[in-house]
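The basis for the numbers below is simple: all heavy atoms, side chains too, and nothing from hydrogens, waters or symmetry mates. We name chains A, B, ... by the order of the sequence lines, and we start the count at 1 in each one.
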Amino acid sequence: MSTKPNSFQTPIGTSDLLPLGSARWQATLQLFDEVSTRSGFGYLSTPIFEDIGVFSRVGEGTDVVRKEMYEFLDKSDRRLALRPEGTAAVCRAFVQHHPVTPWKVYYHGPFFRYEAPQAGRYRQFHQLGIETLGSDDPDADVEVMALAWEMFQKMGLKQVELSLNSMGDGDTRLQYAEALTEYLNQHRDAIDEEDREKISDHPMRVLDSKRRATRKVTDEAPKISDFLSASAIAHFDRVQDGLTALDIPYKVEPRLVRGLDYYTHTTFEFQSKALSAAQNTICGGGRYNGLVEELGGPVTPGIGFGMGIERLLLACDAEEVFPAPKSSLDVWVIDVAGGSHARDITYELRSHGINADRSFDSRSMRSQMRSANRSGAPIALIIGEDEVAAGNVALRSMLDNGVEQILIPRDQIAVEVLRSLGSRS
RNA sequence: GUGAUCGUAGCUCAGUUGGUUAGAGCGCCUGUCUGUGGCACAGGAGGUCGGGGGUUCAAUUCCCCUCGGUCACCCCA
């Protein structure tokens, strides 16, 4: 928050994830791991930086690679970039390793974009993602969207909406862009000044402008659905059939074009209605049938999504669906007879797979009990001079009104603790 | 990259129309409690009022710069 003369803080747009908050993060990753694995996706980890060409080849017209990339030269003058998105690197890996198809992978990790930060938008952010390469089957599209949907369901999010569109195949995008450009130019004067300059560069980007004047013009603009080929329409229909069959609600949104240029056929976005911020898209994705070829590989269709973890958790906050994580500790060891007993017992418990911690610095009994209470551990083991002399340990329940306390033999600690833990669950 | 707004203890915030030792709640530490937590009570630690510079007899309060957060544009996760 501040910069005192001799101190440092995280760079702008980045942050530390502290232990108290990291529990939900890990829980989210774990859920994603389970859900992906169950659907046959395998974990893929690619470098955080790549040859800059991996990204620039793929999105030369997009802001993401044109002005938001962290790029640098290494000591051998290689041009590298911190990855701004996930799909291009997955395709690069596909081209490099020639896996059998369909190749179904999932990934998660940090991504980097040089933008002005605000809530839900950071310079280092984190995404979960999956990709299926090598299949053109509409069911592959459905599977990808269904997996995102499953995440939201399992996390308890209710206010998430799926928007869907088709960008068609082959030349559809170009033909549509041409028709749209012509239409927009005809109505140039009616379009908001800010949006006018986009017409020649990114005609499709004008579609998702929120400005009222522009909106009026785009309401009447030609729709991409009128340009779709018969096979593209068939594909789109089957995708919708699949979503319906799986009871996944969606709405077709003809304006949905998304920021990355490589999409063909299906494009989709999940938005949280609970987030009032401008950054309310928590997951976005689509089909990219030309990407692998673009990176030097064989003609290979692909479909996938990226989901922003920070935004996902922001949505959880907004819907208040994240229960406070329970303590992961089983036992707190209290030693008022020097401390060496706590040391020995703690390691003994840990070797039996019991989560155990203790107080340091020979604090008072009272202080150690407070630590035990704060830790949330259900059991406290207490060793004082009496126990040492008698060769036993006091096992005390720390739950609610628990005042039960029994003496157990020093050499039976692990067994007794496991028995006590077992009788609670 | 553009515009706006905010920045006081670990956290949430009060306060000073410039003027003696800057406050509260929560949290933390210690004690009341015969070695035994959660409750209550008492005490305590912790702030160069984001940082730097300027104006002034005097600045946390005014001015400039800077760093960071937030919001909108933009962009998208």
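Below 30°, between 30° and 60°, or above 60°: for Trp103(A) and Phe94(A) the angle between ring planes is between 30° and 60°, a tilted geometry. Ring geometry for Tyr106(A) against Phe32(A) counts as perpendicular: the plane angle is over 60°, on a 0 to 90° scale with 30° as the lower cut. The aromatic rings of Trp149(A) and Phe152(A) stand perpendicular to each other, their planes meeting at an angle above 60°, with 30° marking the opposite boundary.
Spacing of P atoms, U48(B) relative to U60(B), comes out at 12 Å, to the nearest Å. Using atom P as the reference point in both A77(B) and U16(B), the two lie 47 Å apart (nearest Å). A distance of about 30 Å separates the P atoms of A59(B) and G44(B), rounded to the whole Å. A distance of about 15 Å separates the C1' atoms of G18(B) and G54(B), rounded to the whole Å. Distance noted for atom C1' between G10(B) and C28(B): 8 Å (whole Å). When the P atom is used for both A45(B) and C65(B), the distance is 40 Å, rounded to whole Å. Rounded to whole Å, the separation between the P atoms of G47(B) and A9(B) comes to 11 Å. Annotation: A14(B) and G68(B) have their P atoms spaced 24 Å apart (nearest Å).
Among the heavy atoms of the strands lying under 4.0 Å from Tyr122(A) is at least one base atom, whether or not backbone atoms are also near. Across all strands, Gly120(A) comes closer than 4.0 Å to base atoms (heavy-atom distances). Note on Gly13(A): only backbone sugar-phosphate atoms sit closer than 4.0 angstrom, heavy atoms only; bases stay farther off.
Checking C74(B), G68(B), A77(B) against every side-chain atom of Thr281(A), the shortest atom distance belongs to A77(B).
The stretch residues 380-390 of chain A comes close to RNA chain B through Ile382(A), Ile383(A), Gly384(A), Asp386(A), Glu387(A), each having a heavy atom under 4.0 Å from the strand. Residues of residues 303-312 of chain A having a heavy atom closer than 4.0 Å to RNA chain B, listed by number: Gly306(A), Gly308(A), Arg311(A).
Here Lys158(A) pairs with nothing under the salt bridge (charged side-chain N to carboxylate O under 4.0 Å, His left out) rule; sequence neighbours left out. In this view, Asp247(A) satisfies the salt bridge (charged side-chain N to carboxylate O under 4.0 Å, His left out) rule with no residue, not counting sequence neighbours. Scanning for side-chain contact (heavy atoms from CB on, under 4.5 Å) contacts around Gln127(A) gives Tyr107(A), Phe111(A), Phe125(A), with sequence neighbours left out. Residues satisfying the side-chain contact (heavy atoms from CB on, under 4.5 Å) criterion with Glu294(A), sequence neighbours excluded, are Arg57(A). Arg121(A) is linked by a salt bridge (charged side-chain N to carboxylate O under 4.0 Å, His left out) to Glu115(A), counting only residues two or more places apart in sequence or in another chain.
Between Leu207(A) and Leu180(A) there is a side-chain heavy-atom pair separated by less than 4.5 Å.
Using a cut-off of 4.0 Å between Lys/Arg side-chain N and Asp/Glu carboxylate O, Lys154(A) and Glu34(A) are scored as not salt-bridged. Using a 4.0 Å cut-off between charged side-chain N and carboxylate O, Asp169(A) and Arg287(A) make no salt bridge. Comment: Arg83(A) does not engage Glu50(A) in a salt bridge, judged by the lack of any side-chain N to carboxylate O separation of less than 4.0 angstrom.
Atom-to-atom, CD of Gln9(A) to P of G51(B) comes out at 12 Å; the value is rounded to the nearest Å. Computed from coordinates, the Asp63(A) CG to A77(B) P distance equals 12 Å when rounded to whole Å. Leu399(A) has its CG atom 12 Å from the C1' atom of G37(B), to the nearest Å. As a whole-Å value, the separation of Arg83(A) CZ from A77(B) P is 14 Å. If you measure from atom CD1 of Ile282(A) to atom P of C75(B), you get 21 Å, rounded to the nearest angstrom. In this entry the distance linking CG of Leu329(A) with C1' of G37(B) reads 15 Å, nearest Å. Rounded to a whole Å, the CG atom of Leu275(A) is 14 Å from the C1' atom of C76(B). Atom pair Ile334(A):CD1 and G37(B):C1' shows a separation of 8 Å (rounding to whole Å applied).
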Look for any protein N or O under 3.5 Å of an N or O in nucleotides 29-33 of chain B and output each such pair with its distance, or none.
| from | atom 1 | to | atom 2 | distance (Å) |
| --- | --- | --- | --- | --- |
| C29(B) | OP1 | Arg374(A) | NH2 | 3.1 |
| C29(B) | O3' | Arg363(A) | NH1 | 3.2 |
| U30(B) | OP1 | Arg363(A) | NH1 | 3.0 |
| U32(B) | O4 | Arg366(A) | NH2 | 2.3 |

Just the table, please: protein N/O against nucleotides 1-3 of chain B N/O, every pair under 3.5 Å.
none

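If you take CG on Leu295(A) and CD on Gln96(A), they are separated by 11.5 Å, rounding to the nearest 0.5 Å. To the nearest 0.5 Å, atom CD of residue Glu68(A) and atom CZ of residue Phe55(A) are 14.0 Å apart.
Across every non-hydrogen atom of Asp136(A) and His235(A), the tightest pair is O-CE1, 3.2 Å.
Residue order along RNA chain B, read from the 5' end via each residue's closest nucleotide, puts Gln405(A) first among Lys67(A) and Gln405(A). Comparing Arg123(A) and Ala394(A) along RNA chain B, the residue whose closest nucleotide (by nearest heavy atom) sits nearer the 5' end is Ala394(A).
Put simply, Phe125(A) rests on the base of A77(B): the two rings are less than 5.5 Å apart at their centres and nearly parallel, under 30°.
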Hey, can you pull the donor-acceptor pairs under 3.5 Å for the side chains in residues 339-346 of chain A, sequence neighbours left out?
| from | atom 1 | to | atom 2 | distance (Å) |
| --- | --- | --- | --- | --- |
| Thr346(A) | OG1 | Ala342(A) | O | 2.5 |

For a quick test of your reading: what N or O donor-acceptor pairs under 3.5 Å do the side chains of residues 373-391 of chain A make, sequence neighbours left out?
| from | atom 1 | to | atom 2 | distance (Å) |
| --- | --- | --- | --- | --- |
| Ser375(A) | OG | Ala372(A) | O | 2.7 |
| Ser375(A) | OG | Ala377(A) | N | 3.1 |
| Glu387(A) | OE1 | Gly384(A) | N | 2.9 |

Item to check | Pairing pattern in dot-bracket form [Watson-Crick, G-U; both distances under 3.5 Å; | = partner strand] for RNA chain B | outcome: (((((((..((((.....[...)))).(((((.......))))).....(((((..]....))))))))))))....
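Listed pair Gln118(A) / A72(B) meets the phosphate criterion, a side-chain N or O lying under 4.0 Å from OP1 or OP2.
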Next on the checklist: Assess the residue pair Ser163(A) and Gln271(A) against the criterion (side-chain hydrogen bond (donor to acceptor under 3.5 Å, both in side chains)); give the C-alpha distance rounded to whole Å, side-chain angles, the decisive distance to 0.1 Å, and a yes or no.
Outcome noted: CA-CA 8 Å; Ser163(A) 299; Gln271(A) 297 189 326; 5.0 Å; no
